Number of protein chains: 2
Amino acid sequence: MAEKKKVVLVDDHHLVRAGLRALLEDLNYYEVVAEGADGSEVLALIEKTNPDVVILDIAMKIKSGLDALIDIKALYPTLPVILLTMHNTSDYLQTAIERGASAYLLKDSAEVELELALNAVLKNEIYISPKLSEQLLETLNADRKSEKVIVSKVLTPRQTEILKMLADGKGTKEIAFDLGLSVKTIESHRSQIMERLQIRDLASLVRFAIKNGVTTL
Amino acid sequence: MAEKKKVVLVDDHHLVRAGLRALLEDLNYYEVVAEGADGSEVLALIEKTNPDVVILDIAMKIKSGLDALIDIKALYPTLPVILLTMHNTSDYLQTAIERGASAYLLKDSAEVELELALNAVLKNEIYISPKLSEQLLETLNADRKSEKVIVSKVLTPRQTEILKMLADGKGTKEIAFDLGLSVKTIESHRSQIMERLQIRDLASLVRFAIKNGVTTL
DNA sequence: ATTACTATTAGGTCATTCCCCTATTTGAAG
DNA sequence: CTTCAAATAGGGGAATGACCTAATAGTAAT
């Protein structure tokens with residue numbers, strides 16, 4: 001058998017990480033050469049270990065997997081990255097793919113999926129959890145029906161910024177002050193965020209933000 | 001070596017479960033005889049497999065680990081249960097212990113901690129993550145300073161019920177209607193909940209509810 | 001029994017926020 | 001150039017929130 005493939009594993013829960021490592025090494029074809037607890041460490045780990053693939057959790061405290069993905073692709077555009085997501089929503093699947101992710105898996109996936117994804121990714125293919133790819137197709141079809149194929153970026157940077165603050169418990173007034181803007185402006189952004197996300201209440205907004213790594217639980 | 005110890009593993013993320021299983025079986029002293037994705041399945045699994053220990057995730061969709069713990073202890077009071085929690089807060093540590101949990105671990109713990117916990121638990125000892133036990137001691141000390149040692153139940157049943165509804169995105173009006181109460185009553189409960197939890201904004205309330213398994217992400 | 005405390009209910013008042021609509025400016029895409 | 005999205009912000013009424021007070025019922029302790 002050829003040399004084992006080198007894997008960098010980044011997830012902010014130690015036990016989860018250890019579990020994934022055990023799983024990978026039981027396959028006898030992968031070797032975890034580095035582990036990280038946050039997206040902000042990943043570049044250093046890659047440089048040190050020159051891995052064949054990176055496995056990144058999306059929801060991490062300091063820097064999310066999606067953010068780390070940008071950094072990685074800027075310096076190592078051909079290094080395959082597998083994203084792991086906690087919850088069954090394809091909200092950021094498009095973003096992930098636009099940013100060059102090679103695979104997008106639910107943490108709830110079967111072990112074989114992880115193996116399939118690794119195999120695919122090492123052949124420069126793209127692997128997406130079946131559950132999610134269904135949703136993606138539905139989304140694309142829905143878009144097509146509505147005349148224009150708008151592959152929207154979900155939220156603008158400003159909106160994302162404000163979403164985070166809202167989800168972190170800040171009030172409109174406080175946000176307005178922090179950003180040096182009018183309360184009315186924040187209210188506008190807030191309405192537009194909810195409009196886009198089809199959300200009507202703050203609680204769901206908080207969930208959305210957590211699920212998508214905009215903020216942390 | 002003696003017979004391997006039988007473990008039942010319950011966590012709603014398949015990959016996490018698989019990882020923990022790999023980790024346990026690498027220790028060569030444990031055998032995962034059943035896996036479940038939710039607290040509601042655990043009793044059936046125990047009956048079927050007669051395990052030596054149960055490992056339960058706290059935050060699960062249908063029935064949380066804390067709820068499942070009650071069921072388990074009612075039927076199998078001597079069966080050791082290890083609780084796994086996602087986040088570094090001891091909010092429900094007391095509850096867990098009151099309900100008879102044998103160990104309380106952070107998912108962020110080191111692998112050795114899992115092993116230590118298993119060893120302790122099989123000797124009828126109690127194991128608590130060092131990080132959390134520190135917090136617990138602080139809490140107890142704080143209580144002692146404030147004259148009375150109140151092992152408070154955190155929230156009353158009514159409060160928990162309303163917390164869940166709030167965290168699920170319902171408004172005061174809607175909750176009042178659902179429960180057949182005055183809007184003012186709900187507002188009172190809401191204030192008192194926030195008072196007890198030392199929380200000032202809805203967003204943090206939602207986080208708290210999710211962290212403690214009152215509702216799901 | 002009596003006391004004391006908790007849980008649950010609810011009103012009043014005033015400040016804040018939300019909702020719905022409209023509007024200006026700037027920058028990028030065509 | 002023109003068109004559209006993003007970011008900014010105001011008006012006005014409705015809804016909600018914060019803060020205070022208080023009644024009733026139930027339970028625990030003496």
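In what follows, chains are A, B, ... by sequence order, proteins preceding strands, each numbered from 1. Please read these numbers as outputs of a predicted model, since none were measured by experiment.
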Would you say that Val7(B) contacts Val33(B) through its side chain, given a criterion of any heavy-atom pair below 4.5 Å between the two side chains?
no
Considering all heavy atoms of both residues, which atom of Val54(A) and which atom of Val42(A) are nearest to each other, and what is their separation?
CG1-CG2, 4.1 Å
Interface with DNA chain C, restricted to residues 183-190 of chain B and to heavy atoms under 4.0 Å:
Lys184(B), Thr185(B), Ser188(B), His189(B)
Please give me the minimum heavy-atom distance between Ala203(B) and Leu166(A), naming the atom from each residue.
CB-O, 3.6 Å
Check Thr85(B) against Ile58(B) and note the closest heavy-atom contact, atom names and distance.
CB-CD1, 4.2 Å
Near-strand residues of residues 166-180 of chain B, defined as heavy-atom separation under 4.0 angstrom from DNA chain C
none
Just the rounded figure in Å: distance from P of dT9(C) to CD1 of Ile193(B).
12 Å
Give a yes or no on whether a salt bridge exists between Asp201(B) and Arg207(B), defined as a side-chain N under 4.0 angstrom from a carboxylate O.
no
Between atom CG in Asp201(A) and atom C1' in dT17(C), what is the gap in whole Å?
15 Å
N or O in side chain of Ser182(B) less than 4.0 angstrom from dG11(C) OP1/OP2
yes
Please determine whether side-chain contact (heavy atoms from CB on, under 4.5 Å) holds for the pair Lys5(B) and Leu118(B), giving the CA-CA distance in whole Å, both sets of side-chain angles, and the decisive distance to 0.1 Å.
CA-CA 10 Å; Lys5(B) 293 298 179 181; Leu118(B) 281 163; over 6 Å; no
Estimate the overall bend of the helix from dA1(C)-dT30(D) to dG30(C)-dC1(D) from the end axes over five pairs each, rounded to 10 degrees.
50°
Protein-nucleotide distance (Arg200(A), atom CZ; dT16(D), atom C1'), rounded to Å
19 Å
Is Glu187(B) salt-bridged to Arg190(B), going by a charged N under 4.0 Å from an acidic O?
no
Return the minimal non-hydrogen interatomic distance between Glu35(A) and Glu41(A), and the atom names on each side.
O-OE1, 4.5 Å
Shortest non-hydrogen pair, Ala34(B) vs Thr49(B), comes out as CB-CG2, 3.9 Å
Exactly one candidate in Val8(B), Leu9(B), Leu45(B) meets side-chain contact (heavy atoms from CB on, under 4.5 Å) with Pro51(B); the answer is Val8(B)
Whole angstrom is fine here: how far is it from CG in Leu205(B) over to P in dA18(D)?
10 Å
Take the protein atom CG of Leu202(A) and the nucleotide atom C1' of dC18(C), then report the distance between them rounded to whole Å.
11 Å
Starting at CD of Gln192(B) and ending at C1' of dC20(D), how long is that distance when rounded to a whole Å?
12 Å
I need the CG-C1' distance between Leu181(B) and dG11(C), as an integer number of Å.
14 Å
Considering non-hydrogen atoms only, spot the tightest contact between Leu69(B) and Leu56(B) and give its length.
N-CD1, 4.1 Å
